[in-house]
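For reference, the structure discussed in these notes is given below.
These numbers were taken from a predicted model, which means no experiment stands behind them.
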Amino acid sequence: MKKILISLFLYSFAIVSVASEVPILLSELDNVIKERPLYIEKRKEYLNSLNKMLKEADTDEQRYHVLGKLYVGYSSFNADSSLHVARTIYDVAQRIQNSDYQINALMNMAEISGIAGMFKESLDLMKRVNRELLPDYLLPYYYHIYRTVYGNMADYTVSVAQKEQYNKLVDTYRDSILMVNSPESVIYQIVKADRYNVHGQWAEAINALESYVKKHKMEIHDEAILYYTLSVSYFLSGDKDNQKRCLLLSALADMKSGVREYASLRDLAVLLYQEGDLDRAYSYLKLCMEDATICNARLRIIEALKIFPVINEAYHLEKAKRQHKLQIMFVCICVLSFILLGGIYYMYCQMKRLAVARRQVVEANQKLHTLNQDLCLSNIKLKDLNHSLSENTYLKEIYIGRYLDQCSTYIEKLDAYRKSLAKIAAVGKLEELYHQLKSSQLVDKELKEFYADFDNTFLLLFPTFVDDFNKLLIESEQVHLKPNERLNTELRIFALVRLGITDSVKIAQFLRYSVTTIYNYRTKARNKAACNRDDFEKNVMQIGHIKE
């Protein structure tokens, strides 16, 4: 009985302690967010110093190590820069001819591709990594990338069967991470707690992480990840107070580390919205959206977009209610003032005050209307950006596949051609050999097949392109194809324009014409346009948008 009373006392004390700690952490987070530009500037200064070191590096070995620090610095800060640095690391590693460096660079590119939502590209890069040749120190990183990518794929797939399959893979790689990491490392504890959460052992996860926090000093970014995992454990156990405390600690660490790709502040905004703290929920989620957009972290953008419209609407409704209450209070004060002061003079002054108030309300409403319009435009731009990214990814997948097939076919044809020339040379038929080398028949045949393959691929993606293109022209000037002809030169030029290749020099190189010829074709087509000739190529770019 005595032990039960002591346990109840300690539990009550813990609840009171957490309840008193949360407001302090909220106030601290608000202050840190105000000072966030300083933390961002600090990270930029660090990155600039690394870029300076990179320029001053004398050897590729030095460049490799500086680039490694740059990659870590840009991670969770700018996905595009991280990918660029990872590709540069790979180029340097190839020059050094160090296989371990090359493998690490490949995994860097795979990791950042996964963060950017390019799951297929990430897995394709990881397939190039030979597990058997991996040194021991790269094994944790190898398993971490697979676990992260498949975890994200499980979160975003709509198929129940695929979700189950991805989760099984996540479990497998999670176990592999635990096998190759020290039990005293922070990543081991986080992954172990994650496994506990997945299998419903929330108490074990909480106990493991809370014990680790008390005994170990961590890097600030590791601290953010650990507290976020701990918040998930408390959420699953139904302890909202501790969930909120851990999200606050995680968000504080994220803000202080100057990263732009994070999850804790978004989850905290959702929790505050559920509790009715709309002002903080709105400002926190708005910051998440801004950071995710600057970082180009597409997964975080999608996550924020799911909840932002709901919180945004609730925030503006609450703001409208407050304005209504203020107006009511203002009217009440005016009435009381009228009763106390009375007289014509007071009525005259009151009318002036009311006129000013009305003007302020009109101005406030105009500002709100402008803000709403800006928000709508931002949402439209985000949707257009997401659509453009999806379409570009789809086009790349199709054309890369066709490109690889053609490369393989051309290699086989070149080998066959080489063998045929070798046979002619072997029997001493020099005149026939010279005739074969001088003839352009092979090149003409391959060009014909290349353009036919390009036509088939393009019309597979945009089957109505010819009809839609003709609709942009005057009826008498529309393009008429010959029998068995899929595209002609004019249509191929604007097919390339539709694919985003607008440089006449590049188009001329692709079609083996002069730049002047390409320019004349484009000018002639604009002159035949049924619409405004200046908007003709913009309209071509809108033909046959691929659905997401």
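Between I40 and F77 the shortest side-chain heavy-atom distance falls below 4.5 Å. Between N527 and E477, every side-chain heavy-atom pair lies at or beyond the 4.5 Å cut-off. Under the 4.5 Å side-chain criterion, counting only non-hydrogen atoms from C-beta, T517 is not in contact with L511.
Between atom CD1 of residue I89 and atom CZ of residue R63 there is a gap of 13.5 Å, rounded to the nearest 0.5 Å. Atom CG of L123 sits about 5.5 Å away from atom CE of M153, to the nearest 0.5 Å. Here N167 contributes atom CG and T172 contributes atom OG1; the two are 10.5 Å apart, rounded to the nearest 0.5 Å. For the atom pair CG of L38 and CZ of R43, the computed distance is 15.0 Å after rounding to the nearest 0.5 Å. Residue Q62 holds its CD atom at 10.5 Å from CD of E56, rounded to the nearest 0.5 Å.
Under the side-chain hydrogen bond (donor to acceptor under 3.5 Å, both in side chains) criterion, the residue pairs touching residues 460-472 are T464-D468, with sequence neighbours excluded. Evaluation of the ring pair (Phe, Tyr, Trp, His ring centres under 6.0 Å) test over residues 482-523, restricted to residues two or more places apart or in two chains, returns F450-F510, F454-F510, F469-F494, F494-F536.
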Please evaluate residues E290 and K286 with respect to the criterion side chain to side chain contact (heavy atoms under 4.5 Å, CB included), reporting the C-alpha separation (whole Å), side-chain torsions for both, the decisive distance (0.1 Å), and the verdict. CA-CA 6 Å; E290 292 170 353; K286 188 170 179 287; 2.9 Å; yes

Test side chain to side chain contact (heavy atoms under 4.5 Å, CB included) applied to L491 and D455, step by step: CA-CA 9 Å; L491 289 171; D455 295 349; over 6 Å; no

I would like to know whether S113 and L125 meet side chain to side chain contact (heavy atoms under 4.5 Å, CB included); could you show each step before the answer? CA-CA 9 Å; S113 295; L125 286 166; 4.1 Å; yes

Report the C-alpha separation of L83 and E121 in whole Å, then their side-chain angles, then the decisive distance to 0.1 Å, and conclude whether the side chain to side chain contact (heavy atoms under 4.5 Å, CB included) test is met. CA-CA 12 Å; L83 187 57; E121 288 84 347; over 6 Å; no

Take D124 and K120, measure what salt bridge (charged side-chain N to carboxylate O under 4.0 Å, His left out) needs, and give me the verdict at the end. CA-CA 6 Å; D124 287 344; K120 181 183 182 300; 2.8 Å; yes

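Between R174 and D171 there is a salt bridge, since at least one side-chain N of the basic residue sits less than 4.0 Å from a carboxylate O of the acidic one. A salt bridge links E490 to K528: at least one charged side-chain nitrogen sits closer than 4.0 Å to a carboxylate oxygen.
Panel note: side chain D194, backbone I190; no donor-acceptor pair is recorded below 3.5 Å. Judged by distance alone, with hydrogens and angles left aside, the side-chain atoms of Y284 form no donor-acceptor pair with the main-chain N or O of V270 at under 3.5 Å. Looking only at distances, no side-chain donor or acceptor of R147 sits under 3.5 Å from a matching main-chain atom of I177.
Across all non-hydrogen atoms, the minimal contact from L473 to A525 is CD2-O, 3.9 Å. Between R36 and V259 the shortest heavy-atom distance is NH2-O, 2.7 Å. The two residues I112 and A79 make their nearest non-hydrogen contact at CG1-O, 3.6 Å. Taking each heavy atom of L138 and D100 in turn, the nearest pair found is CD1-O, 3.9 Å. The two residues S264 and D254 have their closest heavy-atom pair at OG-OD2, 2.7 Å. Across all non-hydrogen atoms, the minimal contact from N108 to Y71 is O-OH, 2.9 Å.
Using a 3.5 Å distance cut-off with no hydrogens or angles, the side chains of Y262 and D291 do pair a donor with an acceptor. A donor-acceptor contact closer than 3.5 angstrom links the side chains of Y64 and N104. Residues R260 and N78 bring no donor and acceptor atom of their side chains to less than 3.5 Å of each other.
The neighbour count for R131 CZ, taken as heavy atoms of other residues, nucleotides or ligands under 6.0 Å away, is above 12. By the 6.0 Å contact criterion, CG on N48 is enclosed, its count of non-hydrogen atoms from other residues, nucleotides or ligands being greater than 12. Few gaps surround NE2 on H65; more than 12 heavy atoms of other groups in view lie less than 6.0 Å from it.
Classification of the Y141-H144 ring pair by plane angle, with boundaries at 30° and 60°, yields parallel. Using a 30° and 60° split on the angle between ring planes, Y150 and Y146 fall in the parallel class, below 30°.
Residues passing the side chain to side chain contact (heavy atoms under 4.5 Å, CB included) test with S176 are Y143, sequence neighbours excluded.
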